[in-house]
Amino acid sequence: MTESTPAAADPAEDLPEQMRVRRSKRDRMLADGVEPYPLSYPRTATLAEIRERYAELATDTATGDIVSVTGRVIFIRNSGKLCFATLRDGDGTELQAMLSLDRIGAERLEDWKRLVDLGDHVGVTGEVITSRRGELSVLADSWSMTAKALRPLPVAHRPLSEEARVRQRYVDLIVRPQARETVRTRAGVVRSLRDSLHSRDFLEVETPMLQLLHGGAAARPFVTHSNALDTDLYLRIAPELFLKRCVVGGIERVFEINRNFRNEGVDSSHSPEFAMLEVYQAYADYNTMATLTRELVQEAARATFGSHVVRHADGEEYDLGGQWRSVTLYGSLSEALGEEVTVSTDMARLVQYAEKHNLPVSPKWGPGKLAEELFEELVVPNLVLPTFVRDYPEETSPLTRAHRDQPGLAEKWDLYAFGVELATAYSELVDPVEQRERLIRQAQLAAKGDDEAMRLDEDFLRAMEYGMPPSGGMGMGIDRLLMALTGLGIRETILYPLVRPE
RNA sequence: GGGCCGCUAGCUCAAUUGGCAGAGCUGAGGACUUUUAAUCCUUAGGUUCGGGGUUCGAGUCCCCGGCGGCCCA
């Protein structure tokens with residue numbers, strides 16, 4: 001509404017012709033005492049119900065059944081004494097309405113031709129018939145405007161520009177079936193994740209979005225302010241530290257599906273607000289989490305596509321069924337380099353490999369971070385089908401338990417699919433003393449590089465000191481899961497992505 | 001943050017070397033009782049993203065800014 005004309009000005013002056021015409025039709029209705037936005041319409045059946053009930057009706061048949069239907073006019077074909085319109089329901093079902101002179105009379109037929117435009121919502125009451133061409137139709141005895149549209153629809157047969165689709169998603173949803181389908185797919189995936197977790201006795205909780213301290217991930221936060229407390233607050237970058245408090249409190253299987261906020265770049269796979277599933281399970285480890293994650297994704301694929309084979313927007317099909325490939329970080333990196341690399345390979349050697357592959361090296365990186373960067377550069381682009389990448393350097397995994405038998409490594413995996421990171425999981429670090437030492441080191445690093453030095457979350461450490469049982473934890477990006485299942489960009493999987501002001 | 005590409009009618013897009021800003025759909029007027037993106041006749045519709053510059057002349061070339069997309073960091 002920001003662009004609308006102030007009430008004082010005469011809005012008709014500036015408007016394009018098509019909008020003036022539609023407003024004048026609304027005015028004409030009001031002048032005739034007809035409400036262009038009535039309270040309701042006595043609908044007796046949805047378009048889908050009519051289609052289902054009369055699926056087998058033969059060509060050029062009259063049923064004698066009278067129904068009342070509603071829908072948005074998406075195509076219109078008027079002639080002198082017989083008019084056709086295609087109506088569409090919210091679920092995308094289409095049905096034809098027919099209006100004939102002998103059935104509704106000259107006056108109402110003329111009203112239809114004068115007042116109804118593409119995009120209007122109408123209600124039609126009449127007999128269910130099939131036309132001579134076999135099209136299932138409602139032959140009107142009466143009709144009403146149920147909501148007059150004041151703006152023209154875009155051309156229905158050419159794609160909207162990508163920017164228009166994102167900025168005016170409501171228009172995208174009206175004209176593009178794939179847009180409506182994506183909304184349904186997303187709802188189905190989220191529902192499937194919840195069902196899968198509930199059936200495994202996980203409890204869903206909601207933890208703070210507004211936090212005094214941000215933690216649980218390395219990312220720049222959004223900052224806001226509480227007037228009541230007179231203190232700055234952070235929008236959460238992860239729910240991790242609160243979910244762990246839940247496990248300390250005895251909620252042994254806990255999850256949350258909610259939004260995280262990161263004040264970072266926006267591109268085809270990153271959004272400043274994104275939906276995330278996090279799961280924690282006591283007496284589990286990163287192996288338990290791998291099985292759970294695979295089952296969650298496979299059940300989501302089956303719930304939404306009826307199969308483990310998913311079809312991407314480009315038509316390619318991928319089978320997500322069965323066991324998934326599992327590699328180690330250093331093993332796959334060694335293979336890509338053609339030389340043995342381990343967690344004890346020294347910095348100088350790693351820098352040589354980086355130079356050989358034109359990878360710029362930041363002076364802030366340690367050997368663990370550099371190995372990860374090399375991995376992302378050389379291995380990740382080739383990971384198409386879901387692949388677990390296991391055993392990351394301890395250096396970059398401050399909340400992860402040390403590997404049970406390989407020094408210098410941590411029990412962490414990342415799940416990659418279609419070139420992006422889909423999920424990550426740890427055998428959680430639960431020793432409060434070691435946890436404190438690692439967080440202090442992180443805080444010192446943050447303080448060096450950043451004026452917003454991270455403070456220690458003392459309450460989190462206090463909770464850990466009460467004793468957290470051995471646990472596995474996992475986080476999965478919901479938007480990215482949708483991307484992996486559908487092949488769409490992140491701005492298509494998010495209904496209303498952030499855009500710059502017009 | 002850097003590079004490249006784009007922004008023209010309500011929508012999707014054209015416009016040759018710098019030389020009258022166009023098409024389809026949509027809209028308006030008319031014809032049509034079986035259409036399916038109906039068809040036929042007539043017709044309207046523009047601050048070419050904004051600002052500045054070069055030029056006899058700029059949608060087109062140059063500079064600054066805005067928005068979007070892609071690639072890179």
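Checking C13(B) for Watson-Crick or G-U wobble geometry (two distances, each under 3.5 Å) identifies G22(B) as its partner. The partner of C4(B), taking Watson-Crick or G-U wobble pairs whose two distances both stay under 3.5 Å, is G69(B). Nucleotide U34(B) forms a pair with no other nucleotide shown, judged by Watson-Crick or G-U wobble geometry with both contacts under 3.5 Å. Pair check for A28(B) finds U42(B); Watson-Crick or G-U wobble, both atom distances under 3.5 Å. With a cut-off of 3.5 Å on both pairing distances, the Watson-Crick or G-U wobble partner of G50(B) is C64(B). Under the Watson-Crick or G-U wobble criterion, with both distances below 3.5 Å, A58(B) is left unpaired in every strand shown.
Between the P atom of U36(B) and the CG atom of Leu136(A) lies a distance of 17 Å, rounded to the nearest Å. In this structure, Arg167(A) places its CZ atom 8 Å from P of G69(B), rounding to the nearest Å. The distance from atom CD1 of Ile104(A) to atom P of U33(B) is 14 Å, rounded to the nearest whole Å. Between His357(A) atom NE2 and C72(B) atom P the separation is 17 Å, expressed in whole Å. Across the protein-nucleic acid pair, Glu492(A) atom CD and G69(B) atom P stand 11 Å apart, rounded to whole Å. Taking atom CZ of Phe84(A) as the reference point, atom P of A38(B) lies 12 Å away to the nearest angstrom. When the P atom of C32(B) is taken as reference, atom CG of Leu99(A) falls 17 Å away, rounded to whole Å. One atom, CD of Glu110(A), and another, P of U33(B), lie 13 Å apart when rounded to the nearest Å.
For the P atom pair drawn from A58(B) and A21(B), the interatomic distance equals 11 Å after rounding to whole Å. Annotation: G19(B) and G59(B) have their C1' atoms spaced 13 Å apart (nearest Å). Atom C1' of C13(B) sits at a distance of 9 Å from the matching atom of U8(B), rounded to the whole Å. Between C63(B) and G29(B), the two C1' atoms lie 48 Å apart (nearest whole Å). Remark: the separation of the P atoms in C7(B) and U12(B) is 12 Å, to the nearest Å. G46(B) and U36(B) have their P atoms separated by 32 Å, given to the nearest Å. If you take atom P in C64(B) and the same atom in G2(B), they sit 12 Å apart, rounded to whole Å. The P atoms of U16(B) and C62(B) are separated by 15 Å, rounded to the nearest whole Å.
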### Task
Verify salt bridge (charged side-chain N to carboxylate O under 4.0 Å, His left out) between Asp117(A) and Lys148(A), making sure each step is shown before the conclusion.
CA-CA 8 Å; Asp117(A) 292 302; Lys148(A) 178 71 194 164; 2.6 Å; yes

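Remark: Glu317(A) CD is packed, more than 12 non-hydrogen atoms of other residues, nucleotides or ligands lying under 6.0 Å away. Within 6.0 Å of CZ on Arg259(A) lie no more than 12 heavy atoms contributed by other residues, nucleotides or ligands. Residue Gln178(A) places its CD atom among more than 12 non-hydrogen atoms of other residues, nucleotides or ligands, all under 6.0 Å distant.
Contacts between residues 51-63 of chain A and RNA chain B, counted as heavy-atom distances below 4.0 Å, involve no residue at all. Looking at residues 369-384 of chain A, you'll see that no heavy atom sits under 4.0 Å from any atom of RNA chain B. Within residues 67-77 of chain A, the residues approached by RNA chain B to less than 4.0 Å at the level of any non-hydrogen atom are Phe75(A), Ile76(A), Arg77(A), in residue-number order.
Of the candidates Thr70(A), Thr125(A), Thr146(A), Tyr41(A) forms a side chain to side chain donor-acceptor pair (under 3.5 Å) with just one, namely Thr125(A).
For Phe418(A), the ring-ring contact (aromatic ring centres under 6.0 Å, His included) partners are His312(A), Tyr318(A), not counting sequence neighbours. Applying the side chain to side chain contact (heavy atoms under 4.5 Å, CB included) criterion to Pro367(A), with sequence neighbours excluded, gives Met347(A), Leu350(A), Glu395(A). With sequence neighbours left out, the salt bridge (Lys or Arg N to Asp or Glu O under 4.0 Å) criterion links Arg51(A) to Glu135(A). Under the rule for a salt bridge (Lys or Arg N to Asp or Glu O under 4.0 Å), Glu335(A) has no partner lying at least two apart in sequence or in another chain. When the salt bridge (Lys or Arg N to Asp or Glu O under 4.0 Å) test is applied to Arg22(A), the partners found at least two apart in sequence or on another chain are Asp120(A). By the side chain to side chain contact (heavy atoms under 4.5 Å, CB included) test, Asp232(A) is found to be paired with Val223(A), His225(A), residues two or more places apart in sequence or in another chain being considered. Applying the salt bridge (Lys or Arg N to Asp or Glu O under 4.0 Å) rule to Lys369(A) yields the partners Glu373(A); only residues at least two apart in sequence or on another chain are considered.
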Show each protein N/O and nucleotides 4-11 of chain B N/O combination with a separation under 3.5 Å, one pair to a line.
| residue | atom | partner | partner atom | Å |
| --- | --- | --- | --- | --- |
| G10(B) | N9 | Gln18(A) | NE2 | 3.4 |

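Of the candidates U33(B), U36(B), A28(B), the closest approach to any side-chain atom of Gln96(A) belongs to U36(B).
Nearest-nucleotide mapping onto RNA chain B: of Lys25(A) and Glu135(A), the residue sitting toward the 5' end is Lys25(A). For the pair Asn78(A) and Leu118(A), nearest-nucleotide mapping onto RNA chain B gives the more 5' position to Leu118(A).
Sorted by first and then second residue, the salt bridge (charged side-chain N to carboxylate O under 4.0 Å, His left out) pairs involving residues 85-97 of chain A (not counting sequence neighbours) are Arg43(A)-Asp89(A), Arg88(A)-Glu94(A).
With salt bridges taken as basic N to acidic carboxylate O contacts below 4.0 Å, none links Lys412(A) and Glu394(A). Ion pair Glu340(A)/Arg349(A) not flagged as a salt bridge, since none of the NZ, NE, NH1 or NH2 atoms sits closer than 4.0 Å to an Asp/Glu carboxylate oxygen.
Within 4.0 Å of Lys113(A), counting heavy atoms only, lies no atom of the nucleic acid at all.
Contact detail for Phe261(A) and Met209(A): the closest heavy-atom pair is CE1-SD, 3.7 Å.
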